[in-house]
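Right, one structure below, let's go through it.
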Amino acid sequence: MWYAHNPGRRACQLLGDGAALLWTALWAAVALAVHRLVLPASQPASHRPRIPLLGSSVDGALRGVAHAGDRIVSAAPAPQGPAAAQALAVLGAVALFVIPVSLMLTVWLPRRVRWTRQAAAAQELAGTEDGRELLALRALLRPLDELAATAELLPAAPHETPDLDPDLDPDPDLDIPPGPGPGSLAKGWREADPVVLDALADAELQRLGLRT
């Protein structure tokens, strides 16, 4: 599974994947242009066209490499000069492509793979009763504000109140059970309350962008 069921989460994933592909294609095009610039040619390095999307400092550095390649061709013997300059051009283009793409992959790929593994495991667990209990336990480890939001979705537990005289003011010390809260979720999980377990498991699935 590579994409979430939730439309918003899926749209963010598609945008991230598209940006990663665009970044890769951009640096592939730049590396190819740099290879053509640095590669020895009949045109002098100073007269070769400027590479788009690169600053003046980077373009100047690449032109310096192109000048070095031209000097290698002119200084080296005829058989070795062009081969050495061509190897220099290939290495420079490969480095220009590999470095930025590798930096992007170190940020993007682990997050995508981690979500894919979590989503696949959550879907498998959601199909069994014991698995949903594990999902509920996982949801209990979320921050307190998220637990409070989940607790608000639970129906209020019915409780008995003593018969009070309507003409008397209610006793402020009267012990009335509080409404659902994060503590009630932990208690419901310990007691294997099916309503609480389902609410927690569904909250964990929704956090991953999956259908409940």
Side-chain angles (χ1 to χ4, degrees), residues 1-125 138-139 141-143 145-146 204-211:
M1 182 175 191
W2 195 244
Y3 292 104
H5 298 144
N6 181 273
R9 184 70 175 267
R10 183 169 61 247
C12 292
Q13 291 174 336
L14 288 171
L15 287 175
D17 293 351
L21 291 175
L22 182 61
W23 180 267
T24 303
L26 173 64
W27 284 104
V30 170
L32 182 60
V34 168
H35 177 266
R36 292 176 178 175
L37 174 65
V38 178
L39 192 66
S42 57
Q43 189 179 13
S46 59
H47 294 88
R48 293 172 193 170
R50 185 178 182 276
I51 301 176
L53 303 178
L54 294 181
S56 58
S57 59
V58 178
D59 186 72
L62 293 175
R63 291 184 182 278
V65 176
H67 281 293
D70 293 341
R71 288 195 295 269
I72 292 175
V73 174
S74 59
Q80 291 83 12
Q86 186 172 7
L88 178 65
V90 171
L91 289 176
V94 170
L96 189 60
F97 172 77
V98 168
I99 292 175
V101 172
S102 298
L103 292 175
M104 179 271 298
L105 289 177
T106 58
V107 176
W108 169 79
L109 189 58
R111 298 181 63 181
R112 293 293 284 122
V113 172
R114 182 169 61 251
W115 181 89
T116 300
R117 296 177 61 183
Q118 290 179 351
Q123 275 196 317
E124 183 177 356
L125 290 174
R138 171 84 176 183
L141 302 179
R142 305 302 302 168
D145 56 341
E146 296 184 17
E204 182 64 15
L205 292 173
Q206 291 172 5
R207 184 185 68 84
L208 293 171
L210 304 178
R211 284 191 294 264

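Note that the structure is predicted; figures quoted are calculated from it, not measured.
Summarising the geometry of Trp27 relative to Val101, their closest heavy-atom pair is CB-CG2, 4.2 Å, with the distance given to 0.1 Å. Taking each heavy atom of Ala95 and Pro100 in turn, the nearest pair found is O-CD, 4.2 Å. Residues Ala119 and Leu210 come closest through the heavy atom pair O-CD1, 3.7 Å. The minimum heavy-atom distance linking Leu208 with Ala4 is given by the pair O-CB, 4.0 Å.
Partners of Arg9 under the side-chain hydrogen bond (donor to acceptor under 3.5 Å, both in side chains) rule, at least two apart in sequence or in another chain, do not exist in this structure. Partners of Ala93 by side-chain contact (heavy atoms from CB on, under 4.5 Å), not counting sequence neighbours, listed by chain and number: Ala31, His35. For Leu14, the side-chain contact (heavy atoms from CB on, under 4.5 Å) partners two or more places apart in sequence, or in a different chain, are Tyr3, Arg10. Residues passing the ring-ring contact (aromatic ring centres under 6.0 Å, His included) test with Trp2: none are found, sequence neighbours excluded.
Legend: salt bridge (Lys or Arg N to Asp or Glu O under 4.0 Å) pairs involving residues 95-111, not counting sequence neighbours: none detected. For residues 11-23, the pairs satisfying salt bridge (Lys or Arg N to Asp or Glu O under 4.0 Å) are Asp17-Arg112, with sequence neighbours left out.
Taking CG of Asn6 as the reference point, atom CZ of Arg207 lies at 13.0 Å (rounded to 0.5 Å). Taking NE2 from His5 and CZ from Arg211, the interatomic distance works out to 4.0 Å, rounded to the nearest 0.5 Å. To the nearest 0.5 Å, atom CG of residue Leu15 and atom CG of residue Leu22 are 11.5 Å apart. Rounding to the nearest 0.5 Å places CD1 of Ile99 at 14.0 Å from CE of Met104.
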